[in-house]
*Asks:* 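Sharing a structure here in structure tokens format.
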Amino acid sequence: HVQLVESGGGSVQAGGSLRLSCEASGYSRASGVMGWFRQAPGKEREGVVALYTGGGTTYYSDSVKGRFTISRDNAKNTLYLRMDSLKPEDTAMYYCAAQPLPAYGALWYKAANFGYWGQGTQVTVS
């Protein structure tokens, strides 16, 4: 059973940086996809970035490309999201997600394609 626990959210001024962490248990490193999603009030949950853990391929949404960086520490079984040059529009609840065996062709930015979720951590940029 996969369990995900996020941490690292907070309040920051525009232009600042934050690093989110997602500690994963029960997740196999051999295959699958892990990602970060965010949801602002009144909006749908959107995919921010994904990492395919088998080959290391990453995908970023256009809105964060060049500002956010996903990484993973296999020894700690922890996923990170480094967020730089933060903007007020980045304000949202951020969720870590994992799918150990993604379906062929499943789109990384679709929340419905992920079966495991953390509780979320709030990021506020003013």
Side-chain angles (χ1 to χ4, degrees):
H1 181 68
V2 177
Q3 289 188 309
L4 306 171
V5 179
E6 303 103 331
S7 60
S11 297
V12 65
Q13 291 188 336
S17 299
L18 284 173
R19 189 180 78 160
L20 306 183
S21 300
C22 172
E23 187 173 347
S25 59
Y27 178 81
S28 169
R29 297 193 296 269
S31 64
V33 56
M34 298 187 74
W36 290 95
F37 285 73
R38 66 186 181 186
Q39 188 167 20
K43 294 188 176 181
E44 290 188 357
R45 192 167 296 190
E46 64 169 343
V48 175
V49 58
L51 167 67
Y52 284 78
T53 53
T57 302
T58 58
Y59 296 92
Y60 291 86
S61 69
D62 288 342
S63 62
V64 306
K65 200 172 294 183
R67 299 188 298 121
F68 290 13
T69 305
I70 191 171
S71 62
R72 191 162 185 257
D73 185 330
N74 290 333
K76 297 182 178 179
N77 215 12
T78 299
L79 187 73
Y80 300 101
L81 180 64
R82 171 74 182 188
M83 304 184 294
D84 295 315
S85 302
L86 282 162
K87 304 175 181 179
E89 51 263 44
D90 294 319
T91 295
M93 185 71 79
Y94 282 71
Y95 297 90
C96 177
Q99 181 55 40
L101 293 173
Y104 180 78
L107 300 172
W108 69 267
Y109 51 85
K110 293 289 189 182
N113 291 329
F114 288 78
Y116 299 94
W117 294 86
Q119 81 285 355
T121 185
Q122 178 68 37
V123 172
T124 303
V125 185
S126 59

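Because only heavy atoms are used, hydrogens play no part in the values below, and waters and symmetry mates are left out as well, while side chains stay in. For the single chain, residues carry numbers from 1 onward in sequence order.
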*Asks:* Could you walk me through whether Q122 and T91 pass the side chain to side chain contact (heavy atoms under 4.5 Å, CB included) check?
*Replies:* CA-CA 8 Å; Q122 178 68 37; T91 295; 4.0 Å; yes
*Asks:* Measure across S61 and G47 and return the closest heavy-atom pair with its distance rounded to 0.1 Å.
*Replies:*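 That closest heavy-atom pairing would be CB-O, 3.6 Å.
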*Asks:* Between R38 and S63, is there a side-chain heavy-atom distance shorter than 4.5 Å?
*Replies:*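 Counting from C-beta outward, S63 and R38 do come under 4.5 Å.
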*Asks:* Would you say OH of Y59 has more than 12 non-hydrogen atoms from neighbouring residues, nucleotides or ligands within 6.0 angstrom?
*Replies:*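 12 or below, so no.
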*Asks:* Calculate, to the nearest 0.5 Å, the distance between atoms CG and CE belonging to L86 and M83 respectively.
*Replies:*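 L86 atom CG to M83 atom CE measures 5.0 Å (nearest 0.5 Å).
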*Asks:* Do the side chain of Y116 and the main chain of H1 share a donor and acceptor less than 3.5 angstrom apart?
*Replies:*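 No; zero donor-acceptor contacts below 3.5 Å.
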*Asks:* Check for me, please, whether Y109 and F68 land in the same ILVMFWY cluster - side-chain distances under 4.5 Å, paths through other members count.
*Replies:*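 They do not share one cluster, since no chain of ILVMFWY contacts under 4.5 Å joins Y109 to F68.
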*Asks:* Which pair of non-hydrogen atoms, one from S17 and one from D84, has the smallest distance, and what is that distance?
*Replies:*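 Reported closest heavy-atom pair: OG-OD1, 2.7 Å.
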*Asks:* Check A92 against A40 and note the closest heavy-atom contact, atom names and distance.
*Replies:*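 Residues A92 and A40, closest heavy atoms: CB-N, 3.9 Å.
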*Asks:* So which atom in G9 and which in L20 form the shortest heavy-atom distance, rounded to 0.1 Å?
*Replies:*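 Looks like N-CD2, 3.6 Å.
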*Asks:* One pair to check against side chain to side chain contact (heavy atoms under 4.5 Å, CB included): N77 and R72. What are the steps and the verdict?
*Replies:* CA-CA 7 Å; N77 215 12; R72 191 162 185 257; 2.8 Å; yes
*Asks:* Side-chain heavy atoms under 4.5 angstrom apart, residues restricted to Ile, Leu, Val, Met, Phe, Trp, Tyr: same cluster for V48 and V125?
*Replies:*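 Yes; V125 is reachable from V48 via cluster members.
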*Asks:* Taking CD in Q39 as the centre, count heavy atoms belonging to other residues, nucleotides or ligands within less than 6.0 Å. Is the count above 12?
*Replies:*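 Above 12, so yes.
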*Asks:* For V5 and Q3, run side chain to side chain contact (heavy atoms under 4.5 Å, CB included): C-alpha distance rounded to whole Å, both residues' side-chain angles, the deciding distance at 0.1 Å, then the answer.
*Replies:* CA-CA 7 Å; V5 179; Q3 289 188 309; 5.6 Å; no
*Asks:* Once rounded to the nearest 0.5 Å, what's the spacing between atom OH of Y80 and atom CD of E23?
*Replies:*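 Here the interatomic distance stands at 8.5 Å.
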*Asks:* Are I70 and L107 in one and the same hydrophobic cluster, where Ile, Leu, Val, Met, Phe, Trp and Tyr link if side-chain heavy atoms are under 4.5 Å apart?
*Replies:*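 In one cluster: no.
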*Asks:* Between F114 and F37 (judged by ring centroids, cut-off 6.0 Å), do the two rings come close enough to count as a pair?
*Replies:*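 When the ring centroids of F114 and F37 are compared, they turn out to be within the sub-6.0 Å range.
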*Asks:* Counting only N and O atoms by type, is there a donor-acceptor contact under 3.5 Å from the side chain of E6 to the main-chain atoms of Q119?
*Replies:*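 Confirmed, E6 side chain pairs with Q119 backbone.
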*Asks:* Is the gap between the ring centers of W108 and Y52 under 6.0 Å?
*Replies:*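 Ring centres of Y52 and W108 not closer than 6.0 Å.
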*Asks:* Should the heavy atoms of other residues, nucleotides or ligands under 6.0 Å from CD of E89 be counted, would the total exceed 12?
*Replies:*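 It does: E89 CD has more than 12 such atoms within range.
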*Asks:* Using the side-chain contact (heavy atoms from CB on, under 4.5 Å) rule, pick out the option among T57, L79, L81 that qualifies with L51.
*Replies:*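 So, applying the side-chain contact (heavy atoms from CB on, under 4.5 Å) to L51 and each of T57, L79, L81, only L79 qualifies.
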*Asks:* Looking at every non-hydrogen atom in both residues, tell me the closest pair between T78 and S21 and how far apart they are.
*Replies:*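 Closest approach of T78 to S21: CG2-CB, 4.2 Å.
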*Asks:* Is a donor on one side and an acceptor on the other found under 3.5 Å between the side chain of R67 and the backbone of S85?
*Replies:*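 Flag set: sc R67 to bb S85 pair under 3.5 Å.
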*Asks:* Would you call K87 and D90 a salt bridge, taking side-chain N to carboxylate O under 4.0 Å as the test?
*Replies:*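 Looking at D90 together with K87, the answer is no, because their closest N to O distance does not fall below 4.0 Å.
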*Asks:* Side chains of K65 and V49: closer than 4.5 Å at any heavy-atom pair?
*Replies:*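 A side-chain contact is absent here, since even the closest heavy-atom pair is not under 4.5 Å.
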*Asks:* Nearest 0.5 Å please: distance from the CD atom of E46 over to the CH2 atom of W36.
*Replies:*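 The CH2 atom of W36 is 14.5 Å from CD of E46, to the nearest 0.5 Å.
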*Asks:* Is there a path of hydrophobic side-chain contacts, each under 4.5 Å between heavy atoms of I/L/V/M/F/W/Y residues, joining Y95 to V123?
*Replies:*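 Not linked; separate clusters.
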*Asks:* Please report the shortest heavy-atom distance between A111 and W117, naming the atom on each side.
*Replies:*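 Closest pair (atom of A111, atom of W117, distance): O-CZ2, 3.4 Å.
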*Asks:* Below 4.5 Å, heavy atoms only, C-beta onward: do T53 and M34 meet side chain to side chain?
*Replies:*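 Side-chain contact under 4.5 Å: yes.
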*Asks:* Using 0.5 Å steps for rounding, measure from the CG atom of L4 to the OH atom of Y27.
*Replies:*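 Interatomic distance, L4 CG to Y27 OH, rounded to 0.5 Å: 9.5 Å.
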